[in-house]
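Read through the structure below, which is laid out as structure tokens, and then see the notes.
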Amino acid sequence: MDPATIQSSTHKIRQVENSCLFCRIVAGEIPATVVHRTETTLAFRDIDPKAPTHVLVIPVAHHADVIALAADPSAAADVLATAAAVAEKEGLTDGFRVIFNTGAHGGQEVFHVHAHLVGGAPLGPMLAGK
Ligand code: 5GP
Ligand code: ZN
């Protein structure tokens with residue numbers, strides 16, 4: 001078994017009882033198009049992109065939302081640094097947005113914190129219709 005496989009099966013043992021969708025992507029149990037990876041973060045393409053570039057950046061460690069992430073400053077900084085690295089890698093030189101949907105009013109649907117990195121075209125008003 002090569003080291004990657006051992007690593008992956010270690011994750012699987014650790015995550016086996018975790019029903020969090022994004023923890024399962026981290027564990028390799030659910031496929032994703034990974035664009036960037038660090039020891040503490042993972043960036044992968046959104047399954048239903050809302051812009052030409054739409055990448056989700058997550059901490060490897062499970063934090064439910066941006067409030068929980070803020071309590072782990074090192075992980076929060078790593079998520080932002082990864083978002084910046086992906087923006088550069090994806091050639092978003094004309095700008096982009098980084099969005100953390102939070103709670104019911106924010107429309108958060110997956111409760112493993114994720115930064116939406118969107119760009120690749122003018123994004124229009126910041127909020128729908130405003
Ligand atoms: P939220 O509404 O929680 O801020 O965003 C959740 C995002 O996760 C949505 O943009 C949705 O398209 C994306 N998503 C949901 N399930 C999957 C999946 O299985 N794989 C990937 N790559 N993205 C997903
Ligand atoms: Zn999780």
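Atoms within each ligand, like the ligands themselves, are counted from 1 in listed order.
- For I30, no heavy-atom contact with ligand 1 is shorter than 4.0 Å.
- Under the 4.5 Å side-chain contact rule for hydrophobic residues, I58 and V55 do not share a cluster.
- Residues V60 and F22 share a single hydrophobic cluster, defined by chaining ILVMFWY side chains whose heavy atoms lie under 4.5 Å apart.
- Heavy-atom contacts of H114 reach the following atoms of ligand 1: 1 (P), 3 (O), 4 (O), 5 (O), 6 (C) (cutoff under 4.0 Å).
- Contacts between T33 and ligand 1 below 4.0 angstrom, taking non-hydrogen atoms only, are absent altogether.
- Looking at R45 against ligand 1, only its backbone comes within 4.0 Å, counting heavy atoms.
- Ligand 1 has no nitrogen or oxygen under 3.5 angstrom from a nitrogen or oxygen of F22.
- Close approach of ligand 1 to D48 is summarised as follows: ligand atoms under 4.0 Å from at least one heavy atom of the residue are 12 (O).
- At distances below 3.5 Å, not a single donor-acceptor pair connects side-chain atoms of E88 with backbone N or O atoms of E90.
- For a distance bound of 2.8 Å, the N, O or S atoms of C23 include one lying that close to the Zn ion (ligand 2).
- Here is the list of ligand 1 atoms found below 4.0 Å of a heavy atom in L21: 16 (N), 17 (C), 19 (O).
- Side-chain contact check for H63 versus D72: some heavy-atom pair is nearer than 4.5 Å.
- With hydrogens and angles disregarded, a donor-acceptor distance shorter than 3.5 Å links the side chain of Q108 to the backbone of G103.
- For H112, the N/O/S atom at the shortest distance from the Zn ion (ligand 2) is named ND1.
- Going from atom NE2 of H116 over to atom CZ of F96 covers 15.5 Å, rounded to the nearest 0.5 Å.
- Backbone and side-chain nitrogen or oxygen atoms of F44 are examined, and none is located within less than 3.5 angstrom of a nitrogen or oxygen of ligand 1.
- The shortest heavy-atom contact between A115 and V98 is CB-CG1, 3.9 Å.
- Linking Ile, Leu, Val, Met, Phe, Trp and Tyr whenever their side-chain heavy atoms come within less than 4.5 Å puts L69 and V57 in one cluster.
- Taking all atoms of both residues into account, the shortest heavy-atom contact from R97 to P125 is NH1-O, 3.5 Å.
- Looking at V118, D46, V34 and measuring to atom 11 (C) of ligand 1, the nearest heavy atom belongs to D46.
- Vertex the Zn ion (ligand 2); arms to C20 atom SG and H62 atom ND1; angle 110° (nearest 10°).
- Here's the thing with G107: one of its N/O atoms is less than 3.5 angstrom from an N/O atom of ligand 1.
- Closest to atom 17 (C) of ligand 1 among all protein heavy atoms lies I47 CG2, 3.7 Å.
- Put simply, the side chain of K50 never gets that close to the backbone of V118: no donor and acceptor are under 3.5 Å apart.
- The option from H116, E109, Q108, H54 that lies nearest to atom 4 (O) of ligand 1, judged by heavy atoms, is H116.
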